[in-house]
Amino acid sequence: MFSPRQLGIGIAIGATAGVAGTYLLLKPVHEAPTAPSAVSHPAAKYGLPQSNHLRLFEGYISDFDPRTRNPAYVLECITKESSSGEGNRESVAFYEDEGIDKRFRNRLDDFRRSGYDRGHLAPAADHKSSQAAMKATFSLSNISPQVGAGFNRDYWARFERFVKLLSRSCDRVYIATGPLYLPKASGQGGFEMQYPLIGNAPRLVAVPTHFFKVILAEPPAGADGSKAAGSSQKKMVVGAFVMPNAPIDPTTPLSAFAVPLTALEEASGLDFFPAYLNDSRRAALDTTALSWQALGRTQMQQATPALKAELLSLLAADPSLEPQAASSSGAPSTSQPQSPATKQRPMAVSMRPFPTGAGGMGAVHVCEHVDCKLPAEDWFQAAQAARNSSSVSSAEQPAGKLPLKGEKSNGKHAR
DNA sequence: TTTCCTGT
């Protein structure tokens, strides 16, 4: 009668209903919605033990798990507007979430000299519409310990940028991000959990073995009247990805990390986007996700030049080939006229055909919507180079760097 | 168009 799942849903609804405009950084929002009086079971006369803390911030929600001292998940919604603007992280510092009791929250000291980065789950770059919005992402209730080099500062950062770019081809992008603690196979067919912890016992912060992102993107509303007619055919864009909290080969295609939602939900205990995902949608998307994962892993493991060329040709297939599978897979329910809808796709992203992709009950996998390759691994260097060349607008020579070196050497010589 | 850490 009072299953944890029902409770969770009730809490979520109660909390979000009160959010509207009143989210405050320091307000202990977890107290109101989880009031023990909400449960009338006789065993709960003196209240239920509290284990999770729902924290509402401008731009995102964190469901903080005090056992691991990580968020259980962080949920955000980004748009082109929210992810661009004046927000600047230079003047922002991480801060402890005083809305969580001292016994339960993670602390700045936990991360100091831990060897791990303070990794944003809702990325700072997703919330640049105002300085306040960006600052909110620096609350430690949005932070998990992440491996820095090779992961948080590299592949994961590129993944975040990939997700952010979805907000250019979709109206709204809903993203659930969180840690995973995945067991390893132990000797005799069993499993065991093994992961580091940082901080001081007993107030330890778990270091997740993996991180996930679940993406649910709304297709753009018709910009013109002509598109409005086809709006019912616009498909939601959905995908789930899981990556190890470890350095990742920068050449790995993103599709190699696509996972079936069902598997992620079974591993995490979380039911994602329950107001949209139902069993049939989930099943269709899971099939597609496995296909993309297999493609990506094949690409990763057997990257002989010949196979690379073959895969590249497959990936670069003509966009006009788009969802043929509706006819081939024999899903009669999805008997939509395909021609108008497919031609109206947003610009700047390459539409990709994939045989098992159709029949997603109104949804397509992320890898069908855009190339599930990440931007070039040297995109930061490229951006820096572009910045340098633009700042040295008149003089194209790299001499702009020389004065810096000269200053340093001058300082040394002065001594 | 990005992540972060290190001292006194």
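Just so it is clear, the model here is predicted, and its values are computed rather than measured. Order of the sequence lines fixes the chain letters, A, B, ..., with proteins taken first and strands second; residue numbering starts at 1 for each chain.
As a whole-Å value, the separation of A:Phe138 CZ from B:dT3 C1' is 10 Å. Straight-line distance from the CG atom of A:Asn245 to the P atom of B:dC4: 12 Å, rounded to whole Å. The distance from atom CG of A:Asp117 to atom C1' of B:dC5 is 7 Å, rounded to the nearest whole Å. Put simply, CZ on A:Arg89 is 6 Å from C1' on B:dT3, counting in whole angstrom units. Residue A:Tyr116 contributes atom OH, which lies 17 Å from atom C1' of B:dT3 at whole-angstrom precision. In this structure, the CZ atom of A:Phe159 is 22 Å from the P atom of B:dT1, given to the nearest Å.
The salt bridge (charged side-chain N to carboxylate O under 4.0 Å, His left out) check on A:Arg113 picks up nothing, with sequence neighbours excluded. Listed by chain and residue number, nothing satisfies the side chain to side chain donor-acceptor pair (under 3.5 Å) test with A:Asp110 (two or more places apart in sequence, or in another chain).
Between the side chains of A:Ser83 and A:Asp126, no donor-acceptor pair is found at a separation under 3.5 Å. For A:Lys80 and A:Ser167, the side-chain atoms include no donor-acceptor pair closer than 3.5 Å. Using a 3.5 Å distance cut-off with no hydrogens or angles, the side chains of A:Glu76 and A:His127 do pair a donor with an acceptor. There is a side-chain donor-acceptor pair under 3.5 Å between A:Asp65 and A:Thr68.
Residue A:Ala124 is classed as a sugar-phosphate contact, given heavy-atom separations below 4.0 Å to backbone atoms only.
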Pull out every protein N or O sitting under 3.5 Å from an N or O of nucleotides 6-8 of chain B, one pair per line with the distance.
residue : atom : partner  : partner atom : Å
B:dT6   : OP1  : A:Arg113 : N            : 3.1

